> 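Once you've had a glance at the structure underneath, I'll fire off some questions.
Quantities reported herein were computed from a predicted structural model and do not represent experimental measurements.
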Amino acid sequence: MREALFIKKNKDRWLKNQQEPSTSPDEMARSFTQLVDDLAYAKTFYPTGKTTAYLNKQASDMYLSIYQNRKEDSGRLAYFWKYELPLVIRKHHKTVLFALILFITFFLLAFFIAARDHEIANNFFGDNYVQKTMDNIAEGNPFGIYETGNPVLSWLGIMINNIRVAFLFFVSGIFCGIPTMYKLAETGAMVGVFDQLFASKGFGLQFWMVVFVHGTLEITAIILAGAAGFILGKSFLFPGTRKRMEAFRDGARDGVKIMIGILPAFIIAAFFEGLFTRLYNNMSWFTTLLTTASVLFVIWYFIIYPIQLARKDRSIIKEGATDHA
């Protein structure tokens with residue numbers, strides 16, 4: 001059978017599965033079985049065709065939907081953190097990488113520009129903040145700024161502000177992602193200038209060991225919030241073969257999932273900044289441990305685990321197709 005005839009014969013059923021998914025477990029299972037049969041046929045006769053890629057994507061989505069329904073009663077939140085969020089992150093890894101590259105690019109630009117023009121730090125942080133930091137450096141306590149204020153109030157204030165900024169990143173994505181791009185670049189530049197403020201006085205290494213006690217989770221969450229904004233804008237601008245509003249709804253849903261997923265990161269990062277970063281002088285071993293643990297967690301949960309999980313799901317779909325071939 002030619003591929004065009006194969007599509008014509010089955011496209012109505014495929015579109016119905018995609019646009020009007022059944023809520024009946026039995027009917028959903030029956031549709032999934034038919035879809036896997038179609039996928040096996042397509043892989044046999046059109047292995048490199050777009051039809052095969054389309055069916056593989058639809059089968060994967062349907063499998064996850066069935067699996068999600070099966071897990072619903074045993075803990076919706078557990079399913080979200082263990083499966084749903086990592087798979088959404090994996091789905092948009094390229095967008096996350098773009099957000100990361102944008103952040104790092106402006107971090108480096110600002111770092112080296114600030115080395116030549118020291119007034120940039122005053123423009124970003126204000127004269128009082130910079131002068132206070134310089135005074136702390138002169139007194140031998142370069143990161144003393146983190147020792148001021150009530151720990152609990154600092155935690156709550158930082159947490160609320162960071163969450164507010166992150167949601168601004170996300171919502172701004174609806175304007176073609178341009179405001180999100182600007183805010184993410186500005187944040188990267190701010191961190192670069194802040195780093196140069198200490199590196200110019202010989203505290204470059206200490207900056208990473210102290211600020212990233214909380215900064216690892218905080219900056220990771222900011223980058224992911226930027227990625228969520230880009231996903232929102234991209235889904236509207238580039239819907240692909242789907243209807244624009246359908247693609248936009250999917251992008252918005254994925255973006256919201258990411259925003260929900262990074263809330264704990266903001267909460268924990270603010271908690272670390274308010275209560276633990278200030279301990280770097282007296283308990284450097286502890287703050288170093290927190291920084292190391294945060295870095296390892298970010299690498300595993302947002303990079304390694306999503307890739308492993310996606311590969312596992314693809315292998316399940318592939319085995320299903322082989323069994324029905």
> Does one hydrophobic cluster hold both L290 and L296, with members joined at side-chain heavy-atom distances below 4.5 Å?
no
> Side-chain heavy atoms under 4.5 angstrom apart, residues restricted to Ile, Leu, Val, Met, Phe, Trp, Tyr: same cluster for I304 and L100?
yes
> Please examine the side chains of I158 and F266, heavy atoms only from C-beta on, and report whether any two atoms are closer than 4.5 Å.
no
> So, using ring-ring contact (aromatic ring centres under 6.0 Å, His included) as the criterion, who are the partners of F106 when residues are at least two apart?
none
> Rounded at 0.5 Å granularity, tell me how far CD1 in I223 sits from CD in E218.
11.0 Å
> Side-chain contact test, heavy atoms from C-beta onward, threshold under 4.5 Å: evaluate it for D195 versus F107 and give yes or no.
yes
> Less than 3.5 Å apart, any donor N or O on the side chain of T95 or K234 sitting next to an acceptor on the other?
yes
> Once rounded to the nearest 0.5 Å, what's the spacing between atom CZ of F286 and atom OG1 of T291?
10.0 Å
> Are I178 and F175 joined in one hydrophobic group, where the rule is that I, L, V, M, F, W and Y side chains link up if heavy atoms are under 4.5 Å apart?
no
> Is there side-chain contact between I145 and Y129, with heavy atoms separated by less than 4.5 Å?
yes
> Would W81 end up clustered with L87 when hydrophobic side chains under 4.5 Å apart are linked, directly or stepwise?
yes
> Kindly indicate, with the supporting measurements, whether the criterion side chain to side chain contact (heavy atoms under 4.5 Å, CB included) is fulfilled by V295 and F212.
CA-CA 9 Å; V295 170; F212 276 74; over 6 Å; no
> What is the minimum heavy-atom distance between A99 and L184, and which atoms define it?
O-CD2, 3.5 Å
> When rounded to the nearest 0.5 angstrom, what is the spacing between CZ in F112 and CG in L108?
6.0 Å
> Take V213 and Y146 through the side chain to side chain contact (heavy atoms under 4.5 Å, CB included) test and state the conclusion after the steps.
CA-CA 11 Å; V213 171; Y146 291 110; over 6 Å; no
> Please tell me whether F143 and F198 form a close aromatic pair, meaning their ring centres lie under 6.0 Å apart.
yes
> I want to check something: taking the side chain as every heavy atom from C-beta on, are K91 and D254 in contact at a cut-off of under 4.5 Å?
yes
> Could you give the distance from CD1 (I231) to CZ (F248), rounded to the nearest 0.5 Å?
12.5 Å
> Under 4.5 Å between any side-chain heavy atoms of K132 and N128, yes or no?
no
> So which atom in R244 and which in L237 form the shortest heavy-atom distance, rounded to 0.1 Å?
NH1-O, 3.6 Å
> Is the closest side-chain donor-acceptor distance between Y280 and N141 under 3.5 Å?
yes
> Got a sec, which hydrophobics cluster with Y182, joining ILVMFWY side chains under 4.5 Å apart, including via others?
none
> Does any part of the side chain of M190, heavy atoms only, come nearer than 4.5 Å to the side chain of F125, both counted from C-beta?
yes
> Looking only at heavy atoms, which two atoms of T216 and V298 are closest? And how far apart?
CG2-CG2, 4.0 Å
> Quickly, which of T277, N162, T287 forms a side chain to side chain donor-acceptor pair (under 3.5 Å) with H214? Name it, please.
T277
> For A189 and F124, which heavy atoms make the closest approach, and how far apart are they?
CB-CZ, 4.0 Å
> Can you check whether H93 and F302 have ring centres sitting under 6.0 Å from each other?
no
> Ignoring hydrogens and geometry, is there a side-chain-to-backbone donor-acceptor pair from W155 to I267 under 3.5 Å?
yes
> Compute the ring centroids of F207 and F194, then answer whether they are less than 6.0 Å apart.
yes
> Would F203 and V210 satisfy side chain to side chain contact (heavy atoms under 4.5 Å, CB included), going step by step from the backbone distance to the final call?
CA-CA 10 Å; F203 295 101; V210 175; over 6 Å; no
> Mind listing the closest non-hydrogen atom pair of L197 and I137 along with its distance?
O-CD1, 4.3 Å
> Is the number of heavy atoms from other residues, nucleotides or ligands under 6.0 Å of D117 CG greater than 12?
yes
> Going from NE2 on H92 to OG on S235, what distance comes out if it is rounded to the nearest 0.5 angstrom?
8.5 Å
> Run the side chain to side chain contact (heavy atoms under 4.5 Å, CB included) test on I89 and L224 for me, step by step, so that the C-alpha distance in whole Å, both residues' side-chain angles and the decisive distance to 0.1 Å come before the verdict.
CA-CA 9 Å; I89 295 291; L224 287 170; 3.9 Å; yes
> Less than 4.5 Å apart, side chain to side chain, heavy atoms only: is that true for F230 and M181?
yes
> Quick one: does I222's side chain get under 4.5 Å of F169's, heavy atoms only?
yes
> Do NZ/NE/NH1/NH2 and the carboxylate oxygens of K183 and E186 come within less than 4.0 Å?
yes
> What I want to check is whether the side chains of Q131 and D135 have a donor and an acceptor closer together than 3.5 Å.
yes
> Donor-acceptor pair, distance only, cut-off 3.5 Å: does the side chain of T180 make one with the backbone of G173?
yes
> Is there a path from M209 to F111 through hydrophobic residues (I, L, V, M, F, W, Y) whose side chains come within less than 4.5 Å of each other?
no
> Look at the side chain of R278 and the backbone N and O of G274, then say whether any donor-acceptor pair between them is shorter than 3.5 Å.
yes
> Looking at A225 and I262, what are the two nearest heavy atoms and their distance?
CB-CD1, 3.8 Å
> Distance from L232 atom CG to C176 atom SG, nearest 0.5 Å?
10.5 Å
